[in-house]
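Everything on this sheet refers to the single structure shown next.
Residue numbers count from 1 along this sequence. All ligand and atom numbering here is 1-based and tracks the order in the structure.
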Amino acid sequence: MKGKRDYYEVLGVGKSASDSDLKTAYRKLALQYHPDRNPGDQAAEENFKEAAEAYEVLRDPRKRQIYDQYGHQGLEGSGFSGFGGFEDIFSSFGDIFEDFFGFSTRGRGGRSRAQRGADLRYDLSISFMEAAFGVETTIDLDKHETCARCEGRAVEPGTHAETCPHCRGAGQVGRSQGFFTIRTTCPQCRGAGQIIPNPCSACNGSGQTLVHRTVSVKIPAGVDDNSRLRLSNEGQAGAMGGPPGDLYVFIHVKPHDFFRREENDVICQIPISFIQATLGDQIVVPTLNGEKTLEIPRGTQYGDVFRFRGEGIPSLRTGRPGDMIVQVTIKTPTNVNKKQEALLREFAQLDDNKLGKRLKNILKSAAAKAAN
Ligand SMILES: [Zn+2]
Ligand SMILES: [Zn+2]
């Protein structure tokens, strides 16, 4: 076990410090290390407890005398063993905290009143290209933020909350019924244990104001439809010194007229004529990075696929881009003129033998299979 620091040293005061010196010194440390101001900070928590323990001893003349004479061991012999946790500290120093902060940050019942703010959701529509390349944009929203005038304390600056006279700060009132005492939430302070005679004029005593905010959002390249971005601490303000919630931006990617996405590949369909498919050709196709030339080989079939490596959408995780995939479809001519028709019939006659032979073979093997 690590040795305890000297209480005077903890508070940073001399051995002859007066009551008000001690209080001033402790106030400074309590404000600095208050758990609501240092959420999750282990070191601050330790410092907060250490200062509370030092003050608890030194403000009590009897304990101070024992400590001055016998040190930490003397106190252990007298039954004082420090604080178990925050709730101990708050229940022991409730009045002091009210005095320090203008209000008690934690209810006397030991229940924490600081609450994290609610999360916010915002639905953002972006274009296919913005999703592919990323975009920096802003979103406008109305949200509750901690009131600047009263810093969330709900009291008019310069005034204080007062202990509720009805329940004397307990937040609950008891009513005897036969042998039992039934405790209910105090109707005057609604369980808070305190009342605010002068509510803050900017927020009407709620501690929060509704403000219009423009938040900038950086959408990374490669986001997909239905992905979700979290912006920490951009949600609703917390209550009574609690941290704010988060803002979740839900991304909706509008479909593109021409491109379709599959994982990180971009797919498009290009129609070519059956002449181009038969004889081969060079065509220009659109990609995310502009137009590219595509070589159509002779004898290309309907549905054949051509790939431009690395011309797709970058992976969100690795940044490595997918491919651009061009799928060929073949247009069948519809309005052929007399001359074209004559040529096609001539072509068909020339091709007839080959086609006819292939068809005969197919029929023959089908018949053989049926006979077996
Ligand atoms: Zn206010
Ligand atoms: Zn009350």
> With the Zn ion (ligand 1) at the center, what angle do SG from C203 and SG from C147 span, rounded to 10 degrees?
Replying inline: 110°
>> Strictly under 2.8 Å, is the Zn ion (ligand 2) approached by any N, O or S atom of C167?
In response: yes
> Has R261 got its NZ or CZ under 6.0 Å from the middle of the six-membered ring of F128, at an angle within 45 degrees of the ring axis?
Replying inline: no
>> With a 3.5 Å distance limit and no angle check, can you tell me whether D323 reaches the backbone of I325 through a side-chain donor-acceptor pair?
In response: no
> If only atom types and distance count, is the side chain of Q236 paired as donor or acceptor with the main-chain N or O of H144 below 3.5 Å?
Replying inline: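 The answer is yes, because a donor-acceptor pair under 3.5 Å joins these two groups.
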>> If we count only N and O atoms by modelled type, under 3.5 Å, do the side chains of E53 and Y7 hold a donor and an acceptor together?
In response: yes
>> Rounding to 10°, state the angle centred on the Zn ion (ligand 2) that links SG in C189 with SG in C164.
In response: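 An angle of 110° at the metal.
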